[in-house]
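Count residues from 1 along the sequence.
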Amino acid sequence: MKPAESPELIVAQVVVSGKVQGVCYRAFTQSVAFGLGLGGWVRNLPDGGVQAEIEGPREKVEKLLDQLRIGPPRAIVTELNVNWKSAAGHAGFVIRD
């Protein structure tokens with residue numbers, strides 16, 4: 001019997017626009033990422049958006065992206081831009097300043 005292959009890790013670089021600051025969007029992102037076992041980081045941008053880099057198996061990263069399109073209760077997401085790249089070796093998921 002062949003050992004199960006581990007899923008390929010990928011990174012999604014994400015920029016979220018809308019009412020996404022002052023609504024616990026970063027904490028929401030971190031919480032969902034932890035629940036899915038994903039690595040990476042999230043931070044506020046000077047223009048009022050939020051940027052994140054999310055690493056893990058594509059299926060789990062896609063699940064987080066689905067949640068980010070909705071956001072926490074007070075958020076209003078108007079746009080989610082995603083760029084894909086190779087794995088970067090993130091350990092844990094942190095909120096950056």
Side-chain angles (χ1 to χ4, degrees):
M1 191 168 177
K2 214 162 98 167
E5 290 184 33
S6 61
E8 181 183 349
L9 300 181
I10 55 145
V11 171
Q13 293 178 316
V14 183
V15 176
V16 187
S17 301
K19 183 182 176 192
V20 292
Q21 288 190 18
V23 295
C24 299
Y25 198 92
R26 292 177 301 158
F28 170 84
T29 303
Q30 183 183 48
S31 176
V32 177
F34 277 152
L36 291 169
L38 298 171
W41 52 264
V42 61
R43 68 178 175 188
N44 285 336
L45 294 172
D47 67 1
V50 169
Q51 181 181 26
E53 189 163 291
I54 304 156
E55 181 172 18
R58 187 176 191 105
E59 181 181 317
K60 289 186 177 188
V61 172
E62 293 277 4
K63 285 181 183 182
L64 177 54
L65 294 176
D66 289 343
Q67 291 298 310
L68 295 183
R69 287 180 179 92
I70 300 164
R74 295 185 303 138
I76 300 170
V77 177
T78 57
E79 192 172 3
L80 189 87
N81 290 314
V82 181
N83 290 309
W84 299 95
K85 69 176 204 171
S86 300
H90 291 292
F93 198 94
V94 297
I95 296 174
R96 291 186 174 173
D97 290 334

Is there a side-chain contact between [X] and [Y] in this structure, where contact means two heavy atoms from C-beta onward sitting under 4.5 Å apart?
| X | Y | answer |
| --- | --- | --- |
| Val11 | Glu53 | yes |
| Ile54 | Val14 | yes |
| Ile10 | Ser86 | no |
| Leu64 | Leu38 | yes |
| Arg58 | Glu8 | no |
| Phe93 | Val42 | yes |

Can you tell me how far apart CG (Leu36) and CD (Glu59) are? Round to the nearest 0.5 Å.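 That separation rounds to 10.0 Å.
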Could you report the tightest heavy-atom contact between [X] and [Y], atom names first, then the distance?
| X | Y | answer |
| --- | --- | --- |
| Pro72 | Tyr25 | CD-CD1, 3.4 Å |
| Leu80 | Leu65 | CD2-O, 4.0 Å |
| Leu68 | Val77 | O-CG2, 3.4 Å |
| Trp84 | Ala12 | CZ3-CB, 3.7 Å |

Please tell me whether [X] and [Y] are part of a single hydrophobic cluster in this structure, the criterion being side-chain heavy atoms less than 4.5 Å apart.
| X | Y | answer |
| --- | --- | --- |
| Val16 | Leu45 | no |
| Val20 | Val94 | no |
| Phe28 | Val82 | yes |
| Leu9 | Val61 | no |

Give a yes or no on whether the backbone of Gln13 and the side-chain of Gln51 come within a donor-acceptor separation of less than 3.5 Å.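 Absent.
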Counting N and O atoms only, with roles assigned by atom type, does the side chain of Thr78 sit under 3.5 Å from a partner on the main chain of Ser17, one being a donor and the other an acceptor?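 Judged by distance alone, yes, a pair lies under 3.5 Å.
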Ion pair Asp66/Lys63, N-O distance below 4.0 Å: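 Looking at Lys63 together with Asp66, the answer is no, because their closest N to O distance does not fall below 4.0 Å.
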With side-chain contact (heavy atoms from CB on, under 4.5 Å) as the test, pick out the partner of Trp41 among Gln30, His90, Arg26, Glu55.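 In the set Gln30, His90, Arg26, Glu55, the residue that makes a side-chain contact (heavy atoms from CB on, under 4.5 Å) with Trp41 is His90.
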Quick one: list whatever passes salt bridge (charged side-chain N to carboxylate O under 4.0 Å, His left out) with Glu79, sequence neighbours left out.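 Per chain and number, Glu79 pairs via salt bridge (charged side-chain N to carboxylate O under 4.0 Å, His left out) with no residue.
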